[in-house]
Trainee: 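Sharing a structure, written as structure tokens. Questions coming.
Being a predicted model, the structure only gives us computed values, none of them experimental.
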Amino acid sequence: MPREVRSQRLEAIVLKHSKFGEADQLLTVYSRERGKVRALAKGARKARSRKAGHLEPFTRVSLQIATGKSLDIVTQAEAQDTHSPLSADLQLLGYASYVCELVDKFTPDEDENRGVYRLLRETLERLESESDAELVVRYYEVRLLDLVGFRPELQHCLQCGRAIQAEDQYFATQHGGVLCPRCGKSAAGASPISMPALKYLRHFQRSDYAAAGRAQLSPSVRLELETLMDQYMTYVLERALNSPRFLRRVRAEQKN
């Protein structure tokens, strides 16, 4: 039996698109109303298409969607915020791509989560307006893990249950959080985490962005947090992501 034909208005953010056929685009968007949706924009790659320019990655867009036989069809598209500065700067492009890639990989199709949508929208806005893009992304990672059910335990040792004290600890990706020095020292796969790095992760877990955005991270803590979060995301998703590799290449080229 074919699916019932219906039409729906969505507020969505374009995560990615790809070529489909001679002139169409296959879109992956994250919508406020339905979560992640895959839809076909017919004729979007034609020079005179009314949809052209409204469906670029990172764009917040108002979509009219009709249900087709196998794929939803975009019948109308109107950009609300293109976030064009994010595509004009290579580092910001890398961060925005990472933010969208995480949402794509962590969320199933057709699973509404307005918290994820709001976080994604606010993070893209912050990347465009805030001076510390790296801090914006670290906060986003921690909050996204909360919303998708992979919040790391940072208050108690996951092995012995004791409260974590104000000293360097261990982080075990396979356990999903911290181990105290006594338990972590002999735990396979556990890596040291400094108390300053752990303090900021805890701060991001419990604070809104207005408070978290005032954090002053040293270069060593920044590197430590980036490495730890990359390892944890890779473990949870069981795959390496593309955008962190792009970011590393951009940084290396800018240093030369």
Side-chain angles (χ1 to χ4, degrees), residues 2-130 133 136-137 140 143-144 147-148 209 242-243:
R3 293 193 296 168
E4 180 184 355
V5 176
R6 59 185 175 82
S7 184
Q8 183 181 19
R9 176 70 64 175
L10 300 178
E11 179 181 319
I13 293 169
V14 180
L15 301 180
K16 63 181 181 181
H17 61 54
S18 58
K19 295 179 180 179
F20 192 93
E22 294 185 359
D24 303 340
Q25 278 186 338
L26 182 61
L27 301 173
T28 302
V29 304
Y30 198 86
S31 71
R32 180 181 60 190
E33 296 81 4
R34 288 170 53 190
K36 189 167 67 178
V37 174
R38 303 182 195 278
L40 191 64
K42 292 187 175 181
R45 288 163 43 220
K46 292 180 179 178
R48 296 184 179 180
S49 171
R50 293 183 180 180
K51 303 182 188 78
H54 294 266
L55 299 173
E56 292 303 305
F58 322 139
T59 299
R60 181 169 63 87
V61 61
S62 176
L63 296 175
Q64 191 71 31
I65 296 284
T67 302
K69 291 183 178 180
S70 58
L71 280 171
D72 287 343
I73 306 298
V74 176
T75 57
Q76 295 178 23
E78 182 179 355
Q80 304 298 310
D81 194 344
T82 61
H83 293 300
S84 54
L86 300 182
S87 298
D89 180 283
L90 284 179
Q91 279 214 58
L92 289 180
L93 173 64
Y95 282 128
S97 298
Y98 177 60
V99 162
C100 289
E101 188 178 9
L102 282 178
V103 167
D104 184 28
K105 294 297 186 288
F106 268 114
T107 59
D109 291 353
E110 305 286 348
D111 185 19
E112 177 190 342
N113 188 325
R114 297 207 173 198
V116 170
Y117 177 79
R118 183 169 56 253
L119 178 65
L120 175 61
R121 175 178 173 173
E122 291 174 350
T123 300
L124 292 174
E125 292 170 352
R126 288 168 187 151
L127 283 174
E128 191 172 344
S129 62
E130 299 286 332
V136 170
V137 171
Y140 167 80
R143 304 306 295 183
L144 180 64
L147 290 167
V148 297
Y209 185 76
N242 295 320
S243 41

Trainee: Counting only heavy atoms not in K105, do more than 12 fall under 6.0 Å of its NZ?
Mentor: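 More than 12 within 6.0 Å, yes.
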Trainee: With rounding to the nearest 0.5 Å, note down the distance linking SG in C100 to CG in L15.
Mentor: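 One gets 5.0 Å once the value is rounded to the nearest 0.5 Å.
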Trainee: Hey, mind stepping through V103 and V148 against side-chain contact (heavy atoms from CB on, under 4.5 Å) and telling me if it holds?
Mentor: CA-CA 9 Å; V103 167; V148 297; over 6 Å; no
Trainee: Of all the heavy-atom pairs spanning P85 and L92, show the shortest one and how long it is.
Mentor: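 Of all heavy-atom pairs spanning P85 and L92, the closest is O-CD1, 4.2 Å.
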Trainee: Of all heavy-atom pairs between Y117 and R60, which one has the smallest distance, and what is that distance?
Mentor: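 Residues Y117 and R60, closest heavy atoms: OH-CD, 3.6 Å.
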Trainee: Please check if the side chain of S129 supplies one atom and the backbone of E125 the other of a donor-acceptor pair under 3.5 Å.
Mentor: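 Yes, the answer is positive, given that a donor and an acceptor are paired below the 3.5 Å cut-off.
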Trainee: Less than 4.5 Å apart, side chain to side chain, heavy atoms only: is that true for L26 and L71?
Mentor: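 A side-chain contact under 4.5 Å exists here.
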Trainee: Evaluate side-chain hydrogen bond (donor to acceptor under 3.5 Å, both in side chains) for Q64 paired with R9, printing each intermediate quantity in order.
Mentor: CA-CA 5 Å; Q64 191 71 31; R9 176 70 64 175; 3.0 Å; yes
Trainee: Could you check whether R38 pairs with D72 (Lys NZ or Arg NE/NH1/NH2 to Asp/Glu carboxylate O, under 4.0 Å)?
Mentor: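 Here R38 does not pair with D72 in a salt bridge, since their nearest N and O are not under 4.0 Å apart.
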Trainee: Quick one, L124 and L86 - any side-chain contact, counting heavy atoms below 4.5 Å?
Mentor: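 Yes, side chains in contact.
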Trainee: Looking only at heavy atoms, what is the nearest atom pair of T75 and A66, with distance?
Mentor: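 What the structure gives for the nearest pair is CG2-CB, 3.9 Å.
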Trainee: Would you call E11 and R121 a salt bridge, taking side-chain N to carboxylate O under 4.0 Å as the test?
Mentor: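 Yes, this pair counts.
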Trainee: Got R118 and R32 here, is their nearest side-chain heavy-atom distance under 4.5 Å?
Mentor: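 Sidechains of R32 and R118: no contact.
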Trainee: Hey, are the side chains of V61 and I13 touching, using non-hydrogen atoms and a 4.5 Å cut-off?
Mentor: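 Answer no - side chains too far apart.
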Trainee: Could you measure the distance from the CZ atom of R45 to the CG atom of L55? Nearest 0.5 Å is fine.
Mentor: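 Taking CZ in R45 and CG in L55, the distance rounds to 13.0 Å.
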Trainee: From the options L93, T82, D81, L120, select the one residue that forms a side-chain contact (heavy atoms from CB on, under 4.5 Å) with F58.
Mentor: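 When side-chain contact (heavy atoms from CB on, under 4.5 Å) is applied between F58 and each of L93, T82, D81, L120, only L93 qualifies.
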Trainee: Check the pair L127 / V137 against side-chain contact (heavy atoms from CB on, under 4.5 Å), numbers first and verdict last.
Mentor: CA-CA 8 Å; L127 283 174; V137 171; 4.0 Å; yes
Trainee: Taking it one step at a time, do L63 and V29 satisfy side-chain contact (heavy atoms from CB on, under 4.5 Å)?
Mentor: CA-CA 10 Å; L63 296 175; V29 304; 4.3 Å; yes
Trainee: When you look at CZ of F20, are more than 12 heavy atoms from neighbouring residues, nucleotides or ligands closer to it than 6.0 Å?
Mentor: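 At most 12 heavy atoms, drawn from other residues, nucleotides or ligands, come within 6.0 Å of this atom.
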Trainee: State, to 0.1 Å, how close L119 and T123 come at their nearest heavy-atom pair, and which atoms those are.
Mentor: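 Reported closest heavy-atom pair: O-OG1, 2.7 Å.
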Trainee: To the closest 0.5 Å, what do you measure between CG (L102) and OG1 (T107)?
Mentor: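 Those atoms lie 10.0 Å apart.
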Trainee: Could you tell me if the side chain of V136 sits less than 4.5 Å from the side chain of Y209, heavy atoms only?
Mentor: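 Result yes, sub-4.5 Å side-chain heavy-atom pair found.
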Trainee: For the side chain of H54 and the backbone of A79, is there at least one donor-acceptor N/O pair under 3.5 Å apart?
Mentor: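 Checking the backbone N and O of A79 against the side chain of H54, a donor-acceptor pair under 3.5 Å is found.
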Trainee: List the atom of L147, the atom of N113, and the distance in Å for their closest heavy-atom pair.
Mentor: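 Shortest heavy-atom separation between L147 and N113 comes out as O-ND2, 3.5 Å.
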Trainee: What are the two closest heavy atoms between P57 and H17, and how far apart are they?
Mentor: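 Smallest interatomic distance, heavy atoms only, reads CD-NE2, 3.5 Å.
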Trainee: Quick test of your reading of the model: are D111 and K36 salt-bridged, counting only N-O distances below 4.0 Å?
Mentor: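 A salt bridge is absent here (no side-chain N lies under 4.0 Å from a carboxylate O).
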Trainee: Please evaluate residues L40 and V74 with respect to the criterion side-chain contact (heavy atoms from CB on, under 4.5 Å), reporting the C-alpha separation (whole Å), side-chain torsions for both, the decisive distance (0.1 Å), and the verdict.
Mentor: CA-CA 6 Å; L40 191 64; V74 176; over 6 Å; no
Trainee: Taking it one step at a time, do R34 and E112 satisfy salt bridge (charged side-chain N to carboxylate O under 4.0 Å, His left out)?
Mentor: CA-CA 5 Å; R34 288 170 53 190; E112 177 190 342; over 6 Å; no
Trainee: Going by atom types alone, do S243 and E101 pair a side-chain donor with an acceptor below 3.5 Å?
Mentor: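 The answer is yes; a qualifying pair exists.
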Trainee: Run the salt-bridge test on K46 and D24 with the 4.0 Å N-O cut-off and return the result as yes or no.
Mentor: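 No, no charged N to carboxylate O under 4.0 Å.
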